[in-house]
Every structure is written in C-alpha cells, then in structure tokens.
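Note that this is a predicted model, so its numbers are computed, not measured. Below, chain A is the first sequence line, B the second, and so on; all start at residue 1.
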Amino acid sequence: MPYFKRETQKKDFLRLEEDILELWDKEKTFKRSVDQREGGDKFVFVEGPPTANGLPHPGHILTRVVKDLILRYKTMRGFYVQRKAGWDTHGLPVEIEVEKELGISSKPEIEKYGIEKFNQKCKDSVFRYEKEWVNATKRVGFWIDMDDPYITFENDYIESVWWSLKEIWDKGLLYKGHKVVPFCPRCETTLSSHEVAQGYQDVEDPSVYVKFKVKREAEESEPLYLLAWTTTPWTLLGNIALAVHPSHTYVKARVNVKDDGGAKDKEGILILAESRLDVLEDEYEILERFAGKDLEDLKYEPLFEYAKIEGGEAHKVITADFVTLDEGTGIVHIAPAFGEVDYEVCREKKLGFSQPVNSNGHFTHDIPPPLEGMFVKDADRLIIDMLTERSILYKEERYLHSYPFCWRCGSPLLYYARESWFIAMTTLRDNLLANNERINWYPEHLKYGRFGNFLDDIEDWALSRERFWGTPLNIWICSDCGQEYCVGSIKELREKAKTPVPSDIDLHRPYIDDVVLKCDECGGDMRRVKDVIDCWYDSGSAPFAQWHYPFETEKFKHNFPADFITEAIDQTRGWFYSLLGVSTAVFDVPPYLNVLSLGHILDENGVKMSKSKGNVVDINVLFETEAADALRWYLFTTGPLTEDIRFSAQAIREKQKKFLNTLWNSYFFFVTYATIDEFNPQEKNMISVEQRNAMDRWIISRLNTLTKDVIAAIERFEIHVAARKIEEFVVNDLSNWYIRRSRRRFWIIEENFDKDCAYLTLYEVLVSLCELLAPFVPFVTEHIYQNIVRGISEDARESVHLCDYPSPDKSLIDAELEASMEFVSKLVEAGRRARSDAGIKIRQPLKEVVVICDRDKRENVERLTGILKEEVNVKEVRFEDKVLESEFAVSEDYKRADVDEETCLFLDCCPDKNLIEEGLVRDIVRRIQGMRKDIDLEYTAKIGITYACDEEVKEAIHNFSDYICDETLAVSMEEGTPTPSSSEEETTGSEHIYEKSWKIGDKAVYLAIKPLHSLAEKD
RNA sequence: GGGCCCGUAGCUUAGGCCGGUUGGAGCGCUCGGCUGAUAACCGAGAGGUCCGGAGUUCAAAUCUCCGCGGGCCCA
C-alpha cells in the first residue's frame, strides 16, 4: 500500500483552495493556531478598521494579505498573536451615502427626515457589504477573528472613547475655538478634505487691487495707501488686518498719471513690495524703501464700517512669514472668518473676529443693503463697483485658478470659520515627537519625512463635526451658568442625569441629546453640545476601545502597545497619526512600535484605481479565475511592498505558472515516485545527513541558508526579498537542479540506499519548504502538508499552520559546498557553450572535457565531477594546470570555452565510432520515451519494441540493447517491418501497437512499441 | 501651490545608502539544444538616451541642483 495520495499533474488551485477553506472551517484551524500559543510571548497587532459600506478593492486585499503573512509568521514563530477584526462605522462618508439613497442633500432635510430614522439608516448601511468583506477576507486566506470584531458604533466602544476624551479634558487639552473649514453654503455642510479634493475646477475669478487708506495723525496733503490684492472681493467685508512679510523690502511709490481722464483712482502714494512693482500700470516714482517690519502696527481706515468686530483690535498691519512675493502686491488681506491661515494669525496676534456671512453663504443683516442677504459669490461685482465709486480700486483683472466646488451640488465652496472643539495637539508636539522616536517606520524615510514633518508643524485637532452619525461629543453645557462638563462613562451619565437614563440607552443622537444633566455649580439644566466627533478619533482609539478599557482592564493590559500595524501610505496622516495623537494625549506613549506603510495598487497603466475612471479591478471577478495563493505570491514578489504596484492579472497568471506550478510539480514528482516505491519517510529517517551524497547535502545546505535569509528578511519587513529568495530556491535549486539531477536515483526499481537518501532528502526539503512558505501561500502548503505529513503520521500536527516556523540548522550549512556547486554549474554552462559552438548536440557523448583551473578550486570541485560528466555528457573530466592551456588551445580536436577570469575548459570534439553509436542509441531511447509519453503509458509499464533501420543503426542497437531495454523498460527488441500505412513522421495506432517513423540525423528509423502488463507487480 | 516617494529593455524588475571592468535577471521575441515531474529547462542572439538637462569628479544609473511624468498627503 502506498503511503501517500497520488496527485494529478495539472492542479486546479481554485478547487484546492475551496477544499482547504472547508478543512480549516471544519477543524477550526485558525482558532487553534492562536490558542495553542497562549502563554507564549505576545505579538500585538491592531487591525485598522475598514468601513464596510463599500466593496473591498485590490488595495484592501494587499493590506489583508500582508497582515496575514506577518501574523501567521509570528504565530509559527511561537508568539501569541490575537487577531481581532474591527469595523469603522461612523462618519460623513456614511451619511453621504445615506443622503444619496434618500435623495436628500442638506442638514435641514436630514432634520426634517428625522435624526433617529436617519441614524438607523446609517447604522444599517455600514454593514451593507459586510458579507463581501468577510468573503473576500476568507477567500484570500486572511485569518482574523471576524466573529468577535470591535465595532466603533457599539456602546462599549463609545464609552471607552468618552473616557479618553475626559482624560484629555481633565488635562485641559480640550477647548472650544473657531475652525475655518471648507463649507458648502447650499448643503450647509462642512466637507472633508477628501471631498474637497474631488471638486477642484479651474475657474476665472475677479482679482482686485484695493487701496487701504493709512490713518495719519495730521492730515497731510497727499493720501497714503496700502495696496492689497485679493481674488475674493466679498471677503473684504470681513477684513481685519493686512499682512506684510517682515524682512522683504517695501516701497512708497508715487503714481503719476499723465492722462487724468477717469484714472483718478490710481493717484496717490502706494505702499507695496518692491519686487511687485510690476503690478503698477503707470509711471511711478520711488519715495522710500524699507523693510516690511517697519510697517507693523500701522493703522488704516476700514474699507467698510458695517461688521461687528469682537475680541480684539482690527485694521492694522501685521507681519507674517507666509506672505509671498509670487503674486499680488506683497500685502495680504486678512479675513479670519474666511481663511485658515488668516484665522490662525489673528488668533496669534490677538486680533478681533468678524463674521459678516451666515451659514448659508449670504451676508447677514448687519450688512446694510444692497449687500444685505446677498449670496456672497454674487456680491463680487457690486463690491467692485462700490470700491470704484469710492476711488479705492487701483485696478481689476481676471484671474485663472483652481477653486473647489461642492462635488454634490456644484456650489462654490466657501472657507468659513465655524465653532469647533479642539484637542490642543500643538502643546503635545514635543511628546508626539518623543513618542515617534520610539517607533520603527518601514520605509524608514517616513519617520522624519512625511510623518515627522507633519508632526513638526502639527496643528490642533479639530475634533467636532456638526453632523449626526458619529460618536457624540461628551460635553454638556449649563444653559443657565455656562458651566461645561465632560462625561467619562455611562455610570457617570446616569449619576448626573436629571431624569432616569434608559437601561438600554443607545449613546448616539438623538437619544443622547435628550439626556439633561444637573449643573454642579447652579443646579441648572446642562445640555449636550450638538456635535459628534471626527471618526478618525474613533479609529485612533482602537488600541484601548476595542477592549472596552478602562471598564475592562485585563485584555488591554496585555495588548498595548501594538508591536505591529500596517496600512497603505495614505494612512500616514490618517490612522497612523490618529493612533499616535490619541495615545500621546491619553497615555503619552507610542501606541505601536513597528509600522509598515504599503504602497498603493494602481491599474496596469500606473494610474490610481477609482470609481470615476472605471478602472477598479473587481476582486470577485478576479477570484473566479485566479487562485488566492497566486495572487498573494504575485503581491509578495513583485517588488517592495512599500512602493506602488501596477496591478496585472496577466502577471498573476505568470506567477502561478512560474512558481506555484513548479512547486506543485516538485511535490507531484515526489508523490508519484514515492507512491510507486511505497516509500515511507518514517522508516528511513535514521539516515543522517552526513551519510548522504553531495547533491543531497547541497540542497539541505541551501535550504538552511534559505531559511536563515528568509527569517532575516521578514524581520526587516522586506517581504519581497524573502519571497524572491524562496522562489529562486524552488525554481532553480530544487526543481531545476536537485530534482532534475537526481531523477535517475528515483527510477531505480530495487531497494537501494542511495534511493532512500534521495527520497528522504526530497521529503525533508518539501516539508521544510511547506513550513517556510505557509505564511505566504497558506493553501497549497496546507494541501501538500496534509498529504505528505499528516497523511502518514498520527502524531503530526493537524495543519502546517500549527507547526513551528523552521529555524536554520547552522551545522547543515556548508558554504564551501554551495560555492563549489555554483562553480560546477558555471562549468556546465561553459561546456554546453563549447558544444553549441562546435555544433555537437548534447545527446552525443564525448570523450572528455579538460578544465584548466587553480589547484584550490579544483579540490573543491573534484567531488562534483560526476555532475559535470553527466550534464556535459562526457566520459572523463580532467583537471590541468594553467601551463598546459596553450597546448590545448592549438589543438583542433578541442573546443574552448571560458568559465571565468582564471578558468577555461576544452571539450574533446572527436567522438570515436563507439561514442557515435552511443549517441545514436540515446536518440533512439529518447524517441521511445517520447512515444511512451504520447500514449500515456504508466511509468512502470513494460513494453516490447520492434524496429527497422539500416545496418549501421542496427549494429548500434545490438551493441547497446541492454541499455535501451533498461532505459525504456523494454523486455524485448525485435527487428520488424513497418506496417504499410505508416509513413515517415506519421503514426498509426493499431491494436496496442504504437508506431512511428523517425529521422535521426540522416538515418531513417522505424520504431513501434507494444505495452505489456504493468510492472506494478514487480518481477 | 507645498511636502514626501517613485521613474532602469515592449513588460516586471536587480543594482543606488558606500561612484570604479562591458548595467544584471525573468517574461515576451529569433535561432539552436535538452526533456518520462515541470506549458519546464539550457545555450546563443536581438532589444537600454538607466525620464530630460546641468553640475561635482580622473570616473555618475549611483552624489547635488533644476525640470518632466506618475503616486500619496496637505492646500
């Protein structure tokens, strides 16, 4: 009875993978792989939660398989690796999807529809594609616990988030301020940067040069103006200051207008940057030059007197480094209500604030007619006219620039200051930087590059969103005394509430909005601020909120900080930052110690995949034709994971062909012969490596070297280096050299020590290789393992994924042997080159090859000359010293080929009659083997041979008949005559006889084979 | 507009930190060979402005600067 299950040579990997998925399911292999390591060292991983309200795309598949690889590897290395799945469920994108569905697009419409119903819709929608996500995750073999995931909308999760915000609140880092945000006046909605980025268009806007009149103590004859430039005239209603660069040079220039016809506006003394004098259209005279800082605090008259200004000074010159001289006049109009930098600089300089525009983009009632109630973008023309009338418009131009529009309704966006709650990240900058120091970034440049730079210029975190579906901001304000209170738990909420809180309260809006707290100060009613929080804060809280910390402490204690996280590069300022930000604010420690940033998956033309371009690869379609292992291997080997990948289904198929098929065929070769021979590794495992031949020791040495290199590469997260090394090993070393070179050892029929060595070696290599490859290609390795390990041993672990990762055995690494083998293969190459040059095919045996090389090189190679003989097909290999080189070089009998700088070889190119006969016979054997294969004969089937040929060939056949019979499993060889119908190169299949006429060189040879009974019943 | 990354044969890429024979592979192509595990493999050949330009140097794919193209993030 054979010990192994036979296989078919062509494998349907898709079917194989489905079977393996069933096996894992049935045997709960994933759970067991984790559980059996309990008590081992922890390797902590945090899943970056995807949103399941859209379909997973190839990029998600990449991160999933990379996570899987690392986690499987660490598990096999003995670490206890818990893998909790997670779902990101809140946020504006979710709301927008629901709005689309409901056919509405503004906040008032949502309120009219009902927040309760709206949020329920949001909640329902976030798992709309959960099934697809779960399926895709399973299908690629990503082992993660999706039965018990963390979900950011669950009360436990929200409660942990609340706790963390209260920690931040208690540290005094949570404050209320203004934030200038991109805002759609029609939808009355703040847009996320992602949405803004979608809607840029090139448009022409008015660009105006406005003269701000400088206030002066004594009335002088000539008025002095600051010349400022803006492309949004309507924002002039919110002007608070003018900014100049402190160190650039400015001038006072008197403009001389020759022709006074209607050009009165241009007269006067203007202040502007010297390098921007080009903007003046008239002749001028420089009166004075000075640095920008000399202008500081210079007061000017407000353009408009309408707006209320609160909280500080206004209408003076300030200095700021952000002022550039690329365009405009070097004097920048500052309106804190409409620009982020404007707002920041006013806050810094303690200037006032004015908001002349209401939330739907119209001027407020503070602004008198005709501007009152007008939509700001429509007001530009009118404002320009007003300025002209008052002679303070220097000139007007058109200006082409890209400006953002609402991607939903097409309205121009306004940058608009809204009230917002902030986390004071700027005060934590040093802590952020210190914590970043402790993180290993892959690729390294991110640490001080994109991420480090970002931290250097960190801004306060605008936490609140005036929206509906999100974690409610846990701040209550007393309507009587204005006292603010931050609630840190559900328990606290109950204690503080004026009316009983339902036991099953959903912490979302609108329910939470109904909870009124009692003010500690005055006993008044405290109501929650209406905001929800940025969903990035949600996911940034995952390290503790997924364990409901601190309300439950045990799990968190052992799972923080994370040893490893990985996501794509776009998360640098996304999740990678929100994790660090939250953790630094709450715990002041880094939340992860190693972070691997992956490149993006681009389409085959190198362009980003996006819905609008229609170039997104549908992974469901992909999985109908491509095996998960092939896809994984493609992703792992194609290049550094930290760089973008051009996605190509064609390349996946090539990977399957090159790697998976070769791996499979190596395995197939083994089981095929091991089955025939009923080889059982358990009976032979006492043969030590030292007892085996050089080829066996070589492949074992290579395997151990490989193991060492693979582990080192994975530890550096150089996945492609590890995978490529394995691929080289499988394709070159194992398949194309070891197995090809060792084939004959497996063909021997009798019991034989050398054959046992070969079997055992190949078996051991395959088993180790399976273990080594298991994290990369979990399906096919499992299949192989099930057959060749678990299939023969009750004691074996039930899955390759329950095994330990191989560790290199240094005592089995023989660097000298590996080097020698490399040298031999170079000799073989050179030998073949010499044959090719001489026009002698390899099947023709030759007398000898003479290798001219150094003594020490020779010593290492001499033990491997058998290989050289066979590969080059010569009877002898001779080594000679350099001094004899010239002797061979002049001989016409020898063909020369260079091996390396110091080594060359000479091939004897004069076969004698005997050798020529042997060559002929080898050709015949080759034809017969081909014929056996043609008719799919069993490997062991015996045949009878009939032949017809000329005398010369006949003599060769006679002389080598034993050889022919041995090679082709023939029991008889008889002369015969071709059947009349069989002409040259044409075959006839009469009963059990297969015949064919051949041309070998210039000889015509007729061959017929007749299968006899199978050899399975051995003689 | 700013920051970071990438650009090597038709395609996928090695090399780049640390400059030094003629820039290596694989797929594909042409020719020849080999083959009872492998739609595999081996040998030879065609195919390169190493994105472009400038600089440093005895010497640049490699270092520096300026562009161009792609990607990401921020405006």
**Q** Is it true that Trp998(A) and Asp923(A) share a donor-acceptor pair across their side chains at a distance under 3.5 Å?
**A** no
**Q** Please tell me if Thr638(A) has a side-chain N or O lying less than 4.0 Å from either OP1 or OP2 of rU13(B).
**A** yes
**Q** Does any non-hydrogen side-chain atom of Phe670(A) lie less than 4.5 Å from one of Asn787(A)?
**A** no
**Q** Just the atom pairs and distances: protein N or O near nucleotides 68-72 of chain B's N or O, under 3.5 Å.
**A**
unit_1, atom_1, unit_2, atom_2, d
rG70(B), O2', Gly606(A), O, 3.1
rG71(B), O2', Asp644(A), OD2, 2.9
rG71(B), N2, Arg450(A), NH2, 3.4
rC72(B), OP1, Lys608(A), NZ, 3.3
rC72(B), O2', Arg450(A), NH1, 2.9
rC72(B), O2, Arg450(A), NH1, 3.4
rC72(B), O2, Arg450(A), NH2, 2.2

**Q** Quick one: is rC42(B) close enough that its OP1 or OP2 comes under 4.0 Å of any side-chain N or O from Asn736(A)?
**A** yes
**Q** So Glu829(A), base contact, sugar-phosphate only, or nothing? Heavy-atom distance under 4.0 Å.
**A** sugar-phosphate
**Q** Whether the Trp441(A) and Ser597(A) side chains hold a donor-acceptor pair (N or O, under 3.5 Å, no angle test) is what I'd like checked.
**A**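 Not at all, the side chains of Trp441(A) and Ser597(A) share no donor-acceptor pair under 3.5 Å.
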**Q** Would you indicate, yes or no, if rA37(B) has its OP1 or OP2 atom less than 4.0 angstrom from a side-chain nitrogen or oxygen of Arg740(A)?
**A** no
**Q** OP1 or OP2 of rA37(B) versus the side-chain N and O atoms of Tyr673(A): is any pair under 4.0 Å?
**A**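 Checking rA37(B) against Tyr673(A), a side-chain N or O does come within under 4.0 Å of OP1 or OP2.
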**Q** Please classify the nucleic acid contact of Ile739(A) as base, sugar-phosphate, or nothing, using heavy-atom distances under 4.0 Å.
**A** base
**Q** Is the phosphate of rU35(B) approached by Arg843(A) (side-chain N or O, under 4.0 Å from OP1 or OP2)?
**A** yes
**Q** Do the side chains of Trp664(A) and His783(A) get nearer than 4.5 Å, heavy atoms only?
**A** yes
**Q** Name the residue closer to the 5' end of RNA chain B, choosing between Gln844(A) and Glu643(A) according to the nucleotide with the nearest heavy atom.
**A**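 Upstream on the strand: Glu643(A).
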**Q** Would you mind reading off the distance between Asn665(A) atom CG and rC41(B) atom C1', rounded to a whole angstrom?
**A** 12 Å
**Q** Return no unless some side-chain N or O of Arg832(A) is found under 4.0 Å from OP1 or OP2 of rG33(B).
**A**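 Result: no.
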**Q** Give the rounded distance in Å between these two atoms: CG of Asn873(A) and P of rG43(B).
**A** 17 Å
**Q** Hey, does Leu446(A) have a side-chain heavy atom less than 4.5 Å from the side chain of Thr642(A)?
**A**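 Result no, sub-4.5 Å side-chain heavy-atom pair not found.
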**Q** Go nucleotide by nucleotide along RNA chain B from the 5' end; which of Arg573(A) and Gly449(A) gets its closest nucleotide reached first?
**A**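 Upstream on the strand: Gly449(A).
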